[in-house]
Structures are given as C-alpha cells and as structure tokens.
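Step one of this worksheet: look at the structure below.
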Amino acid sequence: MIRMILGVSETFDSAHFLPNHPKCGRIHGHTYKVEIEVEGELRNGMVIDFGDLKAMLKDIVAKFDHRLINELIENPTCENICLAIFNEIKDRLKDLKVVRVRVYENPDKWAEIRV
C-alpha cells in the first residue's frame, strides 16, 4: 500500500499573556497560523478528504479564536498551544498518523512538533 502525507492550515486570532515574563507578561494578541500534516494509506485515491481534515482543524482552533488563551492553557506559550492542538488532532485521527503540527505566533516565529 502507498502511504502519503498531506496537510491543511487554518488561522485564528487570540490574546494571551505569559505569567512572569518581562515583555510578554502583559495581555497582547496574535494572529496564529496552524499547519497540520497527516500520513496514511492511499485508498480509493485519498488519504483523507481535505474538507474533512480542514473541518476538524477549524473545529479545534475555534476553541482558541477570539479568546484569552490563558483561560484554556495555564502557560500559553506557542509551544504549549502547539502541544494542545497536536494532542487533540492525534486523539481525533485514530486511523492516521499525525506527523507534524506547526503553530506560528507571528510570520517569523513558530513552534513545531514532528513525529
């Protein structure tokens, strides 16, 4: 069987603050971009329907959109946001391997999990 990797991305806007951080300890906002990649067997010409994968990612990031992320994650660093999204995607996609989740805090700063 052929295995293939495919991905989708989504954005959301949120505010957060990093407790006890000299600069980022004040509430501020970002437009985050999330990219996910999954791997699976090619069956009937697809690994997963792009629409289904995109809808799942939209549902996950909707929890963060226009929220104070500190209400959801105690220390909402980009790394911890990436980990939370990775864990939720992994829990939802039992038949596919999540190979990468990247969360951009800004266009030039990101955290990434690669498996």
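Residues I113 and E79 form no side-chain contact, since every pair of their non-hydrogen atoms from C-beta on lies 4.5 Å or further apart. Here the side chains of R67 and H16 are not in contact, with every heavy-atom distance at 4.5 Å or above. Side chains of F64 and I73 form a contact here, defined as non-hydrogen atoms less than 4.5 Å apart. No side-chain heavy atom of I2 sits less than 4.5 Å from a side-chain heavy atom of E41. In this structure, the side chains of D91 and E88 stay at 4.5 Å or more apart for every pair of heavy atoms. Within the 4.5 Å cutoff, side-chain heavy atoms of V8 are placed close to those of I36. Using a 4.5 Å cut-off on side-chain heavy atoms (C-beta onward), L18 and N70 make no contact.
With rounding to the nearest 0.5 angstrom, the NZ atom of K109 is 10.0 Å from the SG atom of C78. The distance from the OG atom of S9 to the OH atom of Y104 is 9.0 Å, given to the nearest 0.5 Å. Taken from OG1 in T77 to NE2 in H21, the straight-line distance is 10.5 Å, to the nearest 0.5 Å. A distance of 12.5 Å separates CZ in R92 from CG in N87, rounded to the nearest 0.5 Å.
Pairing each heavy atom of V99 with each of V38, the nearest pair is CG2-N, 4.2 Å. When every heavy atom of A111 is checked against every heavy atom of C82, the shortest pair comes out as O-SG, 3.6 Å. Annotation for V47 and E39: closest pair CG1-C, 4.4 Å, computed over non-hydrogen atoms. Closest approach of G7 to F50, counting heavy atoms only: O-CE2, 3.7 Å. Summarising the geometry of N106 relative to H30, their closest heavy-atom pair is OD1-ND1, 3.5 Å, with the distance given to 0.1 Å. Across all non-hydrogen atoms, the minimal contact from M4 to L42 is CE-CD2, 4.1 Å.
Residues V101 and L83 share a hydrophobic cluster, clusters being chains of Ile/Leu/Val/Met/Phe/Trp/Tyr side chains in contact below 4.5 Å. The hydrophobic clustering, which links ILVMFWY residues whose side-chain heavy atoms are closer than 4.5 Å, places V115 and L53 together. W110 and I69 sit in two unconnected hydrophobic clusters of ILVMFWY residues. Membership requires side-chain heavy atoms under 4.5 Å apart, directly or through other members.
Counting non-hydrogen atoms of other residues, nucleotides and ligands closer than 6.0 Å to NZ of K54 gives a total above 12. In this structure, N44 places its CG atom where only 12 or fewer heavy-atom neighbours from other residues, nucleotides or ligands lie under 6.0 Å away. More than 12 heavy atoms of other shown residues, nucleotides or ligands fall within 6.0 angstrom of atom NZ in K63.
The closest donor-acceptor contact from the side chain of N75 to the backbone of P19 lies at 3.5 Å or more, if one exists at all. With hydrogens and angles ignored, the 3.5 Å screen pairs a side-chain donor or acceptor of D49 with a backbone N or O of G51. At least one donor-acceptor pair under 3.5 Å links the side chain of H28 to the backbone N or O of R26. Not a single donor-acceptor pair under 3.5 Å links the side chain of T11 to the backbone N or O of K33. A side-chain donor-acceptor contact under 3.5 Å links D65 to the backbone of D13.
A parallel orientation is assigned to the rings of Y32 and F12, their planes being inclined by less than 30° (bins at 30° and 60°).
The side-chain contact (heavy atoms from CB on, under 4.5 Å) test with F86 is passed by exactly one of V98, I81, V103: V98.
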### Task
Starting from the C-alpha separation in whole Å, work towards a yes-or-no answer on side chain to side chain contact (heavy atoms under 4.5 Å, CB included) for I89 and I60.
CA-CA 8 Å; I89 291 167; I60 291 169; 3.5 Å; yes
#### Entry: M56 vs L93, side chain to side chain contact (heavy atoms under 4.5 Å, CB included): CA-CA, chis, key distance, verdict
CA-CA 9 Å; M56 183 203 62; L93 290 174; 3.8 Å; yes
